[in-house]
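Beneath this line is the structure, given in C-alpha cells, with notes to follow.
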Amino acid sequence: MTRALNPRDFLGSSDEVARMLIGCVLLIDGVGGRIVETEAYDREDPASHSFSGPTPRNQAMFGPPGRAYVYRSYGIHWCLNFVCREEGHGAGVLIRAIEPQHGVQTMRERRGLDDLRLLCSGPGRVGQALGVTRELNGCRLDQAPFEVLAADDVRQVLTGPRIGISKGVETHWRFAEAGSRFLSRPMR
DNA sequence: CGAACGATTAGCT
DNA sequence: GCTAATCGTTCGA
C-alpha cells in the first residue's frame, strides 16, 4: 500500500522536503510517475523567486504548505513547485524530472515525442507532459487532480548545485535519484 | 512606462 | 557547445 502525502509532510525545510520527495509518485489526473529530481528554494536564498518577498506571481509560495506553486518560465514553459515549510515563509521545491510510469501515451501526445527518456526530464517538460497550467497554482496536492504518493522503496539520493541560476550557486540544493536515466542532466 | 531578464528547451553546428 | 524563441514579471526612471 502506498500512502498519499498530506500537508503535514510538507512542513519541513525545503531541502528536507526536496530530498524526501525523491522516489515519491506524482500524478495529475492519473498521469505522471516517480519523482527523480528536485530542487529546493527558500526565502533566505538569493536564487529563489521568494527572496524579495511576496509579489503577485509568487504569492502561492507564501501560502499554505502542501500546495502547488506554478510559474511561467522564459515565457514558454509551466513549471511546478511544491510549497513547504510554514505558511508565509516562501519556501518551495521545484519538480525537475519524473520517471514516466502512468499515462505514458497521454504524455507522448502532449510532448509530441516517443522517447520515454525525453518525456519528463526537465521542469518545463514535466509541466507539458503532466498538463500543468496556471489553473493549478495554489491547488492542494492531496486533492484532485493531484496525487502525491510516498516513496515505497528507498534509493540513494545525490546532491549538487542547482541548474540555471546565477545567485546562490554555492547552495547545493539539487537532489536526484542515483543512477536514474530520467534526470534533466547527469548529476556529477 | 520602458526595458531587462529569466528556477528552459529544441534545434543546429 | 551556442542560440533563438517568447512573454510575464520585476524594477528603475
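Side chains included, hydrogens not; waters and symmetry mates left out as well; all remaining heavy atoms used. Just so it is clear: chains get the letters A, B, ... in the order the sequence lines come, proteins before strands, and each one is counted from 1.
- Checking the phosphate oxygens (OP1, OP2) of C:dT6, no side-chain nitrogen or oxygen of A:R72 falls inside 4.0 Å.
- Of the candidate nucleotides B:dA7, B:dT9, C:dC11, C:dC11 has the atom lying nearest to any side-chain atom of A:S52.
- The nearest whole Å value for the distance from the OH atom in A:Y71 to the C1' atom in B:dT8 is 8 Å.
- For the pair A:L119 CG and B:dA10 P, the interatomic distance rounds to 11 Å; values are reported in whole Å.
- For C:dT9, the paired nucleotide is B:dA4, the pair qualifying as Watson-Crick or G-U wobble because both relevant distances are below 3.5 Å.
- In this structure, A:I163 places its CD1 atom 9 Å from P of B:dT9, rounding to the nearest Å.
- Note: CG (A:L94) to P (B:dG6) measures 16 Å, nearest angstrom.
- When the nucleotides B:dG6, C:dT9, B:dT8 are ranked by their closest atom to the side chain of A:H77, B:dT8 comes out on top.
- Checking B:dG6, B:dT8, C:dT10 against the side-chain heavy atoms of A:P123 singles out B:dT8 as nearest.
- A:I76 places its CD1 atom 13 Å from the P atom of C:dA4, with the value rounded to the nearest Å.
- C:dC2 is paired with B:dG11 under the Watson-Crick or G-U wobble criterion, all donor-acceptor distances under 3.5 Å.
- Residue A:R134 has a polar side-chain atom (N or O) positioned under 4.0 Å from OP1 or OP2 of C:dT9.
- The CH2-P distance, from A:W173 to B:dA7, rounds to 16 Å in whole Å.
- Candidate nucleotides C:dT6, B:dA10, C:dT9 were compared by shortest atom distance to the side chain of A:R57, and C:dT9 ranks first.
- Residue A:R111 places its side chain closer to B:dA10 than to any other of C:dT10, B:dT8, B:dA10.
- Side-chain proximity of A:S48 to the nucleotides B:dT8, C:dT10, B:dA7 is greatest for B:dA7.
- The CG-C1' distance, from A:D114 to B:dA10, rounds to 16 Å in whole Å.
- Across every non-hydrogen atom of A:F182 and A:A97, the tightest pair is O-CB, 3.3 Å.
- Going from the P atom of C:dT6 to that of B:dG2 covers 23 Å, rounded to whole Å.
- A:W78 is connected to A:L136 through a chain of hydrophobic side-chain contacts under 4.5 Å among Ile, Leu, Val, Met, Phe, Trp and Tyr, so both are in one cluster.
- In summary, of the residues considered (A:L130, A:V31, A:D29), a side chain to side chain contact (heavy atoms under 4.5 Å, CB included) with A:T106 occurs for A:V31 alone.
- A:S180 and A:E99 share no side-chain donor-acceptor pair at under 3.5 Å.
- Taking for each of A:L113 and A:S166 the nucleotide of DNA chain B with the nearest heavy atom, the 5'-most of the two is the partner of A:S166.
- A salt bridge links A:R140 with A:D142: at least one charged nitrogen is closer than 4.0 Å to a carboxylate oxygen.
- Rounded to an integer number of Å, the gap from CZ of A:R110 to C1' of B:dT9 is 19 Å.
- Backbone-only engagement by A:I165 is indicated by non-hydrogen atom pairs under 4.0 Å involving sugar-phosphate atoms exclusively.
- Using modelled atom types, one finds no donor on one side chain facing an acceptor on the other under 3.5 Å when comparing A:R110 with A:Q128.
- Relative to the side chain of A:Y74, the nucleotides C:dT10, B:dG6, B:dA7 differ in distance, and B:dG6 lies closest.
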